[in-house]
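Beneath this line is the structure, given in structure tokens, with notes to follow.
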There are 2 protein chains.
Amino acid sequence: MQNTDGRKRSATAPDRGTAVPDRLLSAATRLFAEQGFERTSVQELVSAAGVTKGAMYHYFASKDDLLYAIYQRVLAMQMERLNGFAGAEGPVRERLRQAAIDVVHTTVDNLDDTRIFFRSLHMLSADRQIAVRKERRQYHERFRAMVEEGQRQGVFRADVPADIAVTQYFGAVHHLSTWYRTGGALTGGEVGAYFADLFLAGLSPVESAD
Amino acid sequence: MQNTDGRKRSATAPDRGTAVPDRLLSAATRLFAEQGFERTSVQELVSAAGVTKGAMYHYFASKDDLLYAIYQRVLAMQMERLNGFAGAEGPVRERLRQAAIDVVHTTVDNLDDTRIFFRSLHMLSADRQIAVRKERRQYHERFRAMVEEGQRQGVFRADVPADIAVTQYFGAVHHLSTWYRTGGALTGGEVGAYFADLFLAGLSPVESAD
DNA sequence: ATAGACATACCATCCGGTCGGTCGCCGGGC
DNA sequence: GCCCGGCGACCGACCGGATGGTATGTCTAT
């Protein structure tokens, strides 16, 4: 019942027990994904969150800042999950498969975030774009390291750069936000299994070059 | 739009011999790709094209209409190229490889178009979005038909839906506009060769399930 | 003269952001 | 116990500027 702060407003906050910043974040995520960042006005945003402009600008320096907060949240989540799989025990092929499946699963579970991520990056200020790309790059490299590990062990083919393979895969994952619909023919897990299967098959050592 | 051959050049256009609609189209393509559709004002656009607002609104009904024209141009080009490869002679594996390489090549040769294509789709009006998706879907299905043909012939594995494989590949191709830089380490042809290689390797029949 | 191809001035609207103000809580002086 | 003053949370009317779009004029070739 209580807020995490221990603060409780009596009459002025009628509808939700959720904290104001969280309400703003989730409303923004939904609206930015549906209509795009630029098409969503601050007024529309705060109305959807059930707060006022003043409240928003009390917590966020700008509309841009709100977008950046969404990026930070999703980046942190992705990185945390990947670290879990990359640092696990077992053969690299299996670890990579698990991570590849999971990134699809996580993506379809948070389609709004992904939609925003790639569609609105250019709306951030230049330095924040750089910050996002930098963190994204770390994620990419963590993933790539697994591929390279497999290449050194000989379980993956080495005649294709690991970078290319990983980039290709992430491209496909990112593209999910364009076509995947929740409630469609395939569940996230099924798509993830297929994707990972194709990915690993592509990385399997070739017997004879054609 | 039937301004293909009857070009009129007046003495009032000082710098370019190119027709005004074309100038607008290429300026818009560049600016939309660089800054995004929303960040590019009509004034900025017409200034870059060396024309005035009046000229632009003489040829295009709206800013939206201009964006749509860009989509039509790129869709027509892609479809034409794909038809060339899909309808050619030879084994399906080779035709698919050629088409897969070419789509990468064409994409990196027209990075601006691709960048706009996926980033600004949601800026079009609803019915135009539908029109674009419909045409894009035809492209997808033409490509998929080749995969299915190979699956029937047994040269491609059939335990992964052709749809999934094609979607995955196009996702990777689309993603090129995010990371590929002209003048980088790899040429478009090289990336295309690697991508096609991974794609076809993923589709190769499996001998033993792991 | 007529029609198309532009040019120019102008408009209504909307948007992100601001700023002075309100409200309820809390610690402290007595 | 009780008032006081401050403080952070929040409110919402307001602003300057920019934007997409339009109305109307002008030039030129036919």
Side-chain angles (χ1 to χ4, degrees), chain A residues 2-25 27-28 31-32 35-70 120 122-125 128, chain B residues 1-25 27-28 31-32 35-70 120 123-125 128:
Chain A
Q2 299 288 339
N3 283 348
T4 45
D5 290 290
R7 298 259 164 74
K8 186 173 183 290
R9 316 247 319 140
S10 55
T12 36
D15 40 35
R16 297 281 157 179
T18 321
V20 168
D22 287 345
R23 295 228 302 278
L24 283 165
L25 243 6
L31 290 174
F32 291 170
Q35 323 174 337
F37 178 74
E38 298 281 307
R39 291 260 163 108
T40 305
S41 73
V42 173
Q43 187 53 56
E44 185 181 5
L45 175 59
V46 297
S47 296
V51 302
T52 61
K53 262 201 205 186
M56 184 202 131
Y57 279 95
H58 180 71
Y59 290 106
F60 299 94
S62 61
K63 191 186 171 189
D64 195 272
D65 197 43
L66 188 53
L67 179 61
Y68 187 57
I70 294 177
S120 302
H122 63 298
M123 296 300 172
L124 285 174
S125 66
R128 283 182 163 172
Chain B
M1 305 193 178
Q2 44 174 1
N3 199 9
T4 47
D5 54 351
R7 48 217 173 110
K8 296 281 179 71
R9 258 168 295 186
S10 63
T12 41
D15 41 42
R16 294 281 158 179
T18 321
V20 168
D22 288 344
R23 294 229 302 279
L24 282 165
L25 243 4
L31 289 173
F32 290 169
Q35 322 174 337
F37 177 75
E38 302 281 318
R39 290 262 163 107
T40 305
S41 73
V42 173
Q43 187 53 55
E44 186 180 4
L45 176 58
V46 296
S47 296
V51 301
T52 61
K53 262 202 208 184
M56 183 201 132
Y57 279 97
H58 180 69
Y59 290 106
F60 298 94
S62 62
K63 191 185 170 189
D64 194 272
D65 197 43
L66 188 52
L67 179 61
Y68 187 56
I70 294 177
S120 302
M123 296 300 171
L124 284 175
S125 66
R128 284 183 162 172

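Throughout, a chain's letter reflects where its sequence line sits, starting with A, and its residues are numbered from 1. No hydrogens, no waters, no symmetry mates; every other heavy atom, side chains included, goes into these values.
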Between C/dA5 atom P and B/Arg23 atom CZ, what is the distance in whole Å? 15 Å
Heavy-atom pair with the smallest gap, counting every atom of B/Phe60 and B/Ala69: CE2-CB, 4.0 Å
Please report, rounded to the nearest Å, how far the P atom of D/dT24 is from the NE2 atom of B/His58. 18 Å
With sequence neighbours left out, write down each residue that passes side chain to side chain donor-acceptor pair (under 3.5 Å) with B/Ser120, or none if nothing qualifies. none
For A/Glu44, salt bridge (Lys or Arg N to Asp or Glu O under 4.0 Å) partners two or more places apart: none
For B/Asp64, which residues count as a salt bridge (Lys or Arg N to Asp or Glu O under 4.0 Å) partner, sequence neighbours excluded? B/Arg128
Rounded to whole Å, the CG-P distance (B/Asp65 to D/dG20) equals 15 Å
Could you name each residue pair satisfying side chain to side chain donor-acceptor pair (under 3.5 Å) that touches residues 52-62 of chain A, not counting sequence neighbours? none
Rounded interatomic separation in angstrom, taking CG from B/Leu67 and C1' from D/dG20: 15 Å
Rounded at 0.5 Å granularity, tell me how far NZ in A/Lys63 sits from CE in A/Met56. 8.5 Å
Please report the distance, rounded to the nearest Å, between CZ in B/Arg39 and P in D/dA18. 15 Å
What protein N or O atoms touch nucleotides 15-18 of chain C N or O atoms at under 3.5 angstrom, if any, and at what distances?
residue, atom, partner, partner atom, Å
C/dG16, OP1, A/Lys63, NZ, 2.8
C/dG16, OP2, A/Val42, N, 2.7
C/dG16, N7, A/Lys53, NZ, 3.2
C/dG17, OP2, A/Tyr57, OH, 2.7
C/dG17, OP2, A/Lys63, N, 3.0
C/dG17, N7, A/Lys53, NZ, 3.0
C/dG17, O6, A/Lys53, NZ, 2.4

Expressed as a whole number of angstroms, how long is the span from A/Tyr59:OH to D/dC11:P? 9 Å
